[in-house]
Colleague: 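Dumping the structure here so I can ask a few things about it.
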Amino acid sequence: MKKLVALFLFISIAVSCSKDETPGDNGGNNGNNISANLQPTGSSSRDLLSDNTFESLVIELVYVEGNQPTQAAVNNLVSFIGARTYKPGGITVQSRSIPSPGLSPYTTQEIADIESANRTLYNTSNTIAVWAFFADGKAEGDTNTQVTLGTAYRNTSFVIYEATVKSLSGGAFEPSTSVLESAVMQHEFCHILGLTNLGAPMQSAHEDPSHSKHCDVESCLMYYAAATGEGITMVSGGNVPELDPQCIADLQANGGR
Ligand SMILES: [Zn+2]
Ligand SMILES: [Zn+2]
């Protein structure tokens, strides 16, 4: 039983992220300049990591009713960001819910459209804003053996397929929901931080040749299948995979800590 779950999770996280094409700008925001938040994934690596331009970071966390992430996972993300970036002005989270868009399974373009319709926080002179959406339902393309848990699709935007995360956690022989949420949230956030070879220049060769923009260290948070082998044991045992020293070095070299 445990093996089945492990295999499933292995496959899950294997495709948990696709830093794929950047959806176009679909929207307005009342005429504010939002173009700085509509850039390719990884392009705000230095702005997120350092305090050169932005001393503060705010996460606009929007979830579909019934799909709120655990407070523990949100706290873990804030702690994780604080440990890797310089934001002397602070890291804050503004959470709220929206009704279901009713579009599951979601394409990345639909996720981007939901952002355009609901996002209210964009960069200001000293605060960089990140949009985190927790969807009800699954990603288009999910199968019985392959599911997407999250996608970092723009420089300051990522989605977590919370309904899928919940379906794979919290039960017998499954990792706790807060641990799986933490792993996926931190993995996707690290893509917008520029990992791996996605905006934060590599200080050593550690990109997985078979899975671009991911680390080749099997125990690393940025391994394409962060939960394989020992990793799944870690998640099952209540620990979130950590970044390996090479990924940390990349972040430090691009303004992080
Ligand atoms: Zn990934
Ligand atoms: Zn790594």
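Remember, it's 1-based here, ligands and their atoms both numbered in the order they're listed. Values below: every heavy atom of this structure, side chains too, minus hydrogens, waters and symmetry copies. FYI, the numbering just counts along the sequence from 1.
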Colleague: Only to 10 degrees, please: what angle do the SG atom of Cys215 and the SG atom of Cys247 make about the Zn ion (ligand 2)?
Modeller: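 Answer comes to 110°, rounded to 10°.
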Colleague: Nearest 0.5 angstrom please: Glu174 CD to Lys166 NZ, how far?
Modeller: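 Rounded to the nearest 0.5 Å, the CD-NZ separation comes out at 13.0 Å.
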Colleague: Any side-chain donor paired with an acceptor under 3.5 Å for Gln109 and Asp113?
Modeller: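 A donor-acceptor contact under 3.5 Å links the two side chains.
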Colleague: With distance as the sole test, does Arg84 use its side chain to make a donor-acceptor pair with the main-chain N or O of Arg257 at under 3.5 Å?
Modeller: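 Here the side-chain-to-backbone pair exists.
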Colleague: What N, O or S atom of His214 is found closest to the Zn ion (ligand 1)?
Modeller: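 So the atom name we want here is NE2.
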Colleague: So, is the end of the Arg119 side chain (NZ or CZ) under 6.0 Å from the ring centre of Tyr122 and within 45° of the ring's axis?
Modeller: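 Here Arg119 passes the 6.0 Å and 45° test against Tyr122.
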Colleague: Is any N, O or S atom of Asp244 under 2.8 Å away from the Zn ion (ligand 2)?
Modeller: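 Yes, Asp244 qualifies, because one of its backbone or side-chain N, O or S atoms lies under 2.8 Å.
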Colleague: Donor-acceptor pair, Ser104 side chain versus Lys138 backbone, under 3.5 Å?
Modeller: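 Yes: the side chain of Ser104 pairs with the backbone of Lys138.
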Colleague: Do any N/O/S atoms of Cys220 come under 2.8 Å of the Zn ion (ligand 2)?
Modeller: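 True for Cys220.
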Colleague: Hey, is there an N, O or S on His187 sitting under 2.8 Å from the Zn ion (ligand 1)?
Modeller: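 Yes.
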